[in-house]
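Below is one structure, written out as structure tokens, with a few remarks after it.
As the structure lists them, so they are numbered: ligands from 1, and atoms in each ligand from 1. The analysis underlying the following values was restricted to heavy atoms, covering all of them including side chains, and did not include hydrogens, waters or symmetry mates.
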Amino acid sequence: MRLLNVSILTAGFIGLTLLPLSAAEAGSNKWHNSDYSGCSSNNSSSNNDLCESALGENIYDLVDDGVQSGTDPLNSTISVNGVNISVSAWSDTYGKNDDLVVDAKLEKISDYYGYGVTNDDWETYYNPDHAIDNVNKVNGNVTDFDFVLLSFDQAVSVTGASFSWLYSNSDSQVSVAALDSISGLTSGSQTWSDIVADALTTASYDIENCDYVEHRADFDISDTSQYWLIGAYNTVFENIGGYIGNDAFKLSSVGFSVANDSPPAPSAEVSEPTTLGLLLAGVFLVAWRRKQL
Ligand SMILES: [Ca+2]
Ligand SMILES: [Ca+2]
Ligand SMILES: [Ca+2]
Ligand SMILES: [Ca+2]
């Protein structure tokens, strides 16, 4: 279920976390898949608008800000504008049908390419396996869907993500979920379908090309939560068309907005005049009785 968009791109902070140009020189071509032909021909005006808009009020740049592995943000020293964040990796690589979600390895690929995930069934260190992917090159095996979990120490709305590398520059999708609880995710006994069934919201989005070193997806989920999954396209989260099995990317940054404080309970304001009225009535009653005596 996808909820209506809320205005979340209000901050003036142009937070596109472009990676340093010098790092591009350090990037070897071996990281790029042969079907990656660059993005310049795909730049449309709408894409440019997307690319020039803010990713969110706050930007968590995984490379610059650092990553602390784990599911408990209170144990993390990574803080973005006062919000502590930890990151962990998950994939469906366990069980009779290889469909139960268990932990995987969060993989720092480089200061340039950001982070990927290697699951228990990964085939080689090289692309696309060390990316966050649903690609399977082993005949007879089943597809595994890699996800990262971002744990925040307070409720946030994740507004988008940017990626440094795509396996396919024409058919890449990302799936997202806001979770109330991570007990199902960490139980070792649930499928992605089980986890989706208990999620606050799940959705999928196309990843747009911005330029050679930046690709991104904006999310329109209005729910706020401490726990957010971002991973390789899985139609269980939402089917938006496109092909499954060619989605692989490296995560470089995430945009998020902090949830507004809850408004004060209206009952407290309403009860004040009533209480004052009763108090005054009591005073007048006492005065009247004294006058009668
Ligand atoms: Ca992988
Ligand atoms: Ca894989
Ligand atoms: Ca699997
Ligand atoms: Ca795809």
Problem - Distance flag, aromatic centroids of F147 and F237, threshold under 6.0 Å - result: yes
Problem - Closest approach to the Ca ion (ligand 4) by D247, given as the N, O or S atom name - result: OD1
Problem - Y205/F219 aromatic ring centres below 6.0 Å - result: yes
Exercise for the section: Taking both backbone and side-chain atoms into account, decide whether I132 has an N/O/S atom under 3.0 Å from the Ca ion (ligand 1). Expected result: no
Handout entry: Metal site the Ca ion (ligand 2): N/O/S of D121 inside 3.0 Å
Key = no
Exercise for the section: Examine all N, O or S atoms of A248, backbone included, and report whether one is under 3.0 Å from the Ca ion (ligand 2). Expected result: no
Handout entry: Metal proximity, A131 vs the Ca ion (ligand 1), N/O/S cut-off 3.0 Å
Key = yes
Fill in the blank from the handout: Which atom of D146 is nearest the Ca ion (ligand 1), counting N, O or S only? It is OD2
Problem - Among the N, O or S atoms of D171, the one nearest the Ca ion (ligand 4) - result: O
Problem - salt bridge (Lys or Arg N to Asp or Glu O under 4.0 Å) between K108 and D111, intermediate numbers included - result: CA-CA 8 Å; K108 181 176 181 180; D111 283 344; 2.7 Å; yes
Exercise for the section: Report yes or no: does Q68 contribute a side-chain atom to a donor-acceptor pair with the main-chain N or O of N75 at less than 3.5 Å? Expected result: yes
Practice task
Output yes if S172 passes the N/O/S-under-3.0 Å test against the Ca ion (ligand 4); output no otherwise.
Solution key: no
Handout entry: Face-on cation placement of K250 at F163 ring, 6.0 Å and 45° thresholds
Key = no
Problem - Where the Ca ion (ligand 2) is the vertex, angle from D133 OD2 to V135 O to 10° - result: 80°
Problem - Sidechain-backbone polar pair: N209 side chain, N169 backbone, donor-acceptor under 3.5 Å - result: yes
Practice task
Take the Ca ion (ligand 4) as the vertex and measure to OE1 of Q173 and OD1 of N246; round to 10°.
Solution key: 180°
Problem - Centroid separation F256 to Y60 less than 6.0 Å - result: no
Handout entry: Least distance between heavy atoms, I132 atom then D146 atom
Key = CG2-O, 3.3 Å
Problem - Backbone or side-chain N/O/S of D129 under 3.0 Å of the Ca ion (ligand 1) - result: yes
